[in-house]
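Working notes, beginning with the structure itself.
Predicted model only: the values in this text are computed from it and were never measured. Each chain gets a letter, A, B and so on, in the order the sequences are listed, and its residues count up from 1.
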Protein chains: 2
Amino acid sequence: MNAPLVTILDDEPAIRTMLADALEEAGFRTLSFGRAREFEAALQSHTPDVCLVDLSLPDTDGLTIVHRLALEQGAIVIIVSGRAQVQDRVTGLELGADDYIIKPFDPAEVVARVRARLRSNKPAAQTANTAHFDGWRAEFDSYMLVDDAGEHTPFSHAEGEVLRLFLDSPKRLISRAQMQESLGGAAGESFDRAMDVRISRLRTKLREDPKNPQLIKTIYGAGYIFLGDVRWN
Amino acid sequence: MNAPLVTILDDEPAIRTMLADALEEAGFRTLSFGRAREFEAALQSHTPDVCLVDLSLPDTDGLTIVHRLALEQGAIVIIVSGRAQVQDRVTGLELGADDYIIKPFDPAEVVARVRARLRSNKPAAQTANTAHFDGWRAEFDSYMLVDDAGEHTPFSHAEGEVLRLFLDSPKRLISRAQMQESLGGAAGESFDRAMDVRISRLRTKLREDPKNPQLIKTIYGAGYIFLGDVRWN
DNA sequence: AGTGCCTGTTACAATTCGTTAGATTTGAGA
DNA sequence: TCTCAAATCTAACGAATTGTAACAGGCACT
């Protein structure tokens, strides 16, 4: 549970420090780079949660970096650029950037936009504590499930662990082994039975039809898969 | 598989039509509203993928709507506002908005930002996991077969393995040896019997006439061939 | 102690899926 | 066309896996 890491790639030192100061003030960790080469080298050992990228770099075309980061590595990329033309912004976003901020900017807005991206984009970099899916809202602060009609159903800590695991990796098979490891997996003898029971109880609270569950599917001999359009907020 | 639905909430008709035109041109469905009351009424029957919201509305404070949409309904909210102060933007984003676009805007940029939000919210660039063939749809995420009439039939993991093999190589002979290898081919003695049974069960779910199967043909002494116009999606 | 909640354990029911076995189909050769 | 062995189909059985109701211990609060 470290603070999210934000990388800054800009050739102007003044901008780097301005951004770094504002972001660290807001509680983020930062790494700054003036050249694409250094930045790419650092990626070997760090995995940033958000990448701020300036388009006009001395050694590379910024758009190439954006494309590689966003589409190949799946990172959250925010372009911070002096190019203010609409066409620049459109192509930047089309190339996979998640946001496009124009210089000159106010550091407070950058922080707000970084937060907004972290909030909803990648569950891996959790900062949010509420998830929405298929007419449900899961509030991990208050341990509550809320349905369309606003009806509240509490869930326990153990149930929340399973639910969080599902909501972090929707539409992907999660094996029993993974579950045991992620959760309090002191792999006991019949520990897998306990997992079954947790899931059964969670299913009940989600009002799943036992004969035909829509959200939590069992894959015989493999594990479970959570189907649901998850959005963290 | 509908086009994403974008709602527009703005009290100026000119802006509504400008946005609607650009978004529909780009392939989205749109719904426009001039007042918060109408918009909220429409939410009862529609669930938009993205909500564009103007902050200055005649009948309500726009921020209230943003807050409710984002935090309670979990919608993607983009504020489109004439208020250009940094403080407005920060509070808007802080309240849960996913983006903040300042008037006057270029419709092309709005489209690009809507796309960016939809893109990043759909995680795990799905490798094609749904196939269509001869009035059927096979959903490998949810382990469901869906017929023309929309009736759902679940298929098991083992059945899905066979089905996927067929759908990957339609109209081509698949020998038993290939099947054993592709699937969990711990080639036992009577393992081919197991394969028979899998196919038999799959045929039942596809409502094949045992005397005259249309989709899965047996080639005596050679293997099986799947006839069907497969289109992956 | 008493009450209520959480959570693992147990026991049994239900499901999945390979195996078995008998029925049916296929195709080569008479 | 007829015969027969091999190949295939599928109902039925059973081992392994999973679902869940019921029970029990632990913990917090009265």
Side-chain angles (χ1 to χ4, degrees), chain A residues 140 142-145 152-166 173-180 183-226, chain B residues 143-145 153-165 173-180 183-226:
Chain A
F140 287 92
S142 56
Y143 287 87
M144 279 289 178
L145 272 168
H152 286 56
T153 310
F155 59 83
S156 70
H157 179 68
E159 286 155 3
E161 281 186 317
V162 180
L163 182 56
R164 172 155 243 145
L165 195 59
F166 281 139
L173 182 88
I174 300 175
S175 71
R176 295 180 109 77
Q178 279 177 281
M179 286 202 172
Q180 297 191 180
L183 313 187
E189 272 307 293
S190 57
F191 181 70
D192 50 339
R193 311 285 55 232
M195 186 61 62
D196 288 349
V197 175
R198 285 192 187 192
I199 287 174
S200 171
R201 287 171 177 152
L202 190 54
R203 276 179 171 148
T204 303
K205 299 206 170 169
L206 288 170
R207 307 199 199 113
E208 292 268 73
D209 173 8
K211 302 293 177 191
N212 188 22
Q214 295 300 299
L215 286 171
I216 303 175
K217 290 253 188 187
T218 304
I219 312 302
Y220 184 94
Y224 297 91
I225 184 167
F226 182 84
Chain B
Y143 288 84
M144 281 289 183
L145 272 168
T153 310
F155 57 83
S156 71
H157 183 64
E159 286 155 4
E161 283 187 315
V162 181
L163 182 56
R164 184 180 282 272
L165 196 58
L173 181 85
I174 300 174
S175 71
R176 297 180 105 78
Q178 278 177 282
M179 286 202 174
Q180 297 192 180
L183 313 188
E189 268 310 290
S190 57
F191 180 71
D192 51 340
R193 311 284 71 227
M195 187 59 63
D196 289 351
V197 176
R198 285 192 186 191
I199 288 174
S200 170
R201 286 172 176 150
L202 191 53
R203 276 178 170 150
T204 304
K205 299 207 169 170
L206 287 170
R207 307 198 199 114
E208 292 268 73
D209 173 9
K211 304 293 179 190
N212 186 23
Q214 295 301 300
L215 286 170
I216 304 175
K217 293 257 189 193
T218 304
I219 311 299
Y220 185 92
Y224 297 91
I225 186 166
F226 182 84

Notebook entry, point to check: At under 4.0 Å, does any side-chain N or O of B:Ser156 touch on OP1 or OP2 of C:dC17?
Noted result: yes
Next item on the list: May I ask you to verify if any side-chain N or O of B:Lys211 is less than 4.0 angstrom from the OP1 or OP2 atom of C:dT25?
Entry: yes
Margin query: Distance criterion of 3.5 Å, no angle test: do you see the side chain of A:Arg201 paired donor-to-acceptor with the base of D:dG19?
Written below: no
Can you identify which nucleotide, out of [options], has its nearest atom closest to the [X] side chain?
X	options	answer
B:Ala194	D:dT20, C:dG18, C:dT24	C:dG18
A:Thr218	D:dG19, C:dT10, C:dG18	D:dG19
A:Tyr220	C:dT7, C:dT16, D:dC9	C:dT16
B:Asp196	C:dT7, D:dT10, D:dT20	D:dT10
A:Tyr224	C:dC17, C:dT9, D:dT18	D:dT18

Would you check if [X] and [Y] make a side-chain contact, meaning some heavy-atom pair closer than 4.5 Å?
X	Y	value
A:Tyr224	A:Asp196	yes
A:Leu145	A:Leu163	yes
A:Arg198	A:Met179	no
A:Leu165	A:Phe226	no
A:Leu215	A:Arg203	no

Margin query: Using a heavy-atom cut-off of 4.0 Å across all strands, would you classify B:Phe155 as base, sugar-phosphate, or nothing?
Written below: nothing
Nearest-angstrom distance from the residue atom [atom1] of [X] to [atom2] of [N]:
X	N	atom1	atom2	answer
A:Arg193	D:dA16	CZ	P	14 Å
A:Arg203	C:dA14	CZ	P	16 Å
A:Leu202	D:dT20	CG	P	12 Å
A:Ile199	D:dT18	CD1	P	10 Å
A:Glu161	C:dC6	CD	P	14 Å
B:Met179	C:dG18	CE	C1'	16 Å
A:Lys205	D:dT20	NZ	P	15 Å
B:Ile216	D:dT10	CD1	P	11 Å

Checklist line | Position toward the 5' end of DNA chain D (nearest nucleotide), A:Arg176 or A:Thr204 | finding: A:Arg176
